[in-house]
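Remarks on the structure that follows.
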Amino acid sequence: QVQLVESGGGLVQAGGSLRLSCAASGRTFSTYAMGWFRQAPGKEREFVAAISWSGGTTYYADSVKGRFTISGDGAKNTRYLQMNSLKPEDTAVYYCAATKRTTGWELTTSYDTWGQGTQVTVSS
């Protein structure tokens, strides 16, 4: 089993930046990719970005392309989401998740393990 713990959320003004971290522990060797999702109040959880465990492949939602960057530190089993040029519509609880699947990374149903989430609030 893999355990995930997110950190780095907070309150930031529009145009600002935040970096989220997702620390993985446990049976990480069985993980093929890690993803970031977000959920705003009253909305469904949506895909943000994903990265293969090796870091060689990344994938982004159109809404964050060019503003967010997903990366990884293999030695620390930690994955990051650097968020720049933040907008009020980026306000949500952000979750990291782990999957053993090689496809379908944009789908919540592809992920086996989820973190507890971290709140990101962008003020206008």
Side-chain angles (χ1 to χ4, degrees):
Q1 190 74 317
V2 176
Q3 294 81 43
L4 304 173
V5 177
E6 303 101 332
S7 60
L11 173 64
V12 65
Q13 289 188 331
S17 299
L18 281 174
R19 188 177 80 157
L20 305 183
S21 300
C22 177
S25 61
R27 298 170 64 88
T28 57
F29 60 84
S30 65
T31 298
Y32 192 83
M34 302 244 334
W36 284 97
F37 288 76
R38 64 187 182 187
Q39 188 165 19
K43 294 188 177 181
E44 293 187 354
R45 192 169 297 189
E46 67 173 2
F47 172 74
V48 175
I51 186 169
S52 59
W53 189 251
S54 67
T57 302
T58 57
Y59 183 41
Y60 295 92
D62 288 342
S63 59
V64 306
K65 277 182 184 176
R67 300 190 298 125
F68 291 11
T69 303
I70 190 169
S71 63
D73 183 334
K76 296 181 179 179
N77 282 347
T78 301
R79 301 300 178 264
Y80 305 98
L81 185 68
Q82 177 67 43
M83 306 186 295
N84 298 329
S85 302
L86 283 161
K87 306 174 181 179
E89 50 264 44
D90 293 318
T91 295
V93 177
Y94 283 70
Y95 299 89
C96 68
T99 180
K100 301 174 185 177
R101 303 190 182 203
T102 59
T103 60
W105 294 351
E106 74 279 13
L107 304 174
T108 57
T109 52
S110 294
Y111 291 81
D112 313 293
T113 304
W114 293 82
Q116 81 287 354
T118 185
Q119 177 71 46
V120 171
T121 303
V122 184
S123 63
S124 58

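Reckoned from all heavy atoms, side chains included, excluding hydrogens, waters and symmetry mates.
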Is there a chain of hydrophobic side chains (I, L, V, M, F, W, Y, each step under 4.5 Å between heavy atoms) that links [X] to [Y]?
X      : Y     : result
Val122 : Tyr95 : no
Val120 : Ile70 : yes
Phe68  : Trp36 : yes
Tyr111 : Trp53 : no
Leu86  : Tyr60 : yes

Could you tell me if the side chain of Met83 sits less than 4.5 Å from the side chain of Val12, heavy atoms only?
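Not in contact.
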
Closest non-hydrogen atom pair between [X] and [Y], with its separation:
X      : Y     : value
Arg27  : Gln1  : CD-N, 2.7 Å
Ser124 : Ala14 : CA-CB, 4.4 Å
Tyr94  : Arg38 : OH-NH1, 2.9 Å

To the nearest 0.5 Å, what is the distance between OH on Tyr80 and CG on Asp73?
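Going from the OH atom of Tyr80 to the CG atom of Asp73 covers 4.5 Å.
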
Hey, what do you get for OG1 (Thr69) to CG (Leu81), rounding to the nearest 0.5 Å?
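The CG atom of Leu81 is 8.0 Å from OG1 of Thr69, to the nearest 0.5 Å.
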
Determine, stepwise, if the pair Cys22 / Met34 fulfils side-chain contact (heavy atoms from CB on, under 4.5 Å).
CA-CA 9 Å; Cys22 177; Met34 302 244 334; 3.5 Å; yes

Ring-ring centroid check Trp114 Phe37, cutoff 6.0 Å
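Under 6.0 Å, so yes.
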
Give a yes or no on whether the backbone of Glu6 and the side-chain of Thr118 come within a donor-acceptor separation of less than 3.5 Å.
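No, Thr118 side chain to Glu6 backbone: no donor-acceptor pair under 3.5 Å.
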
Given 3.5 Å as the limit, does a donor-acceptor pair link the side chain of Thr57 with the main chain of Ser52, or not?
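It does not hold such a pair.
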
Can you confirm whether Gln116 is buried at CD, in the sense that more than 12 heavy atoms of other residues, nucleotides or ligands lie under 6.0 Å from that atom?
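It does: Gln116 CD has more than 12 such atoms within range.
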
Between Lys87 and Asp90, is there a side-chain N and carboxylate O pair less than 4.0 Å apart?
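Not counted as a salt bridge, because no side-chain N and carboxylate O are separated by less than 4.0 Å.
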
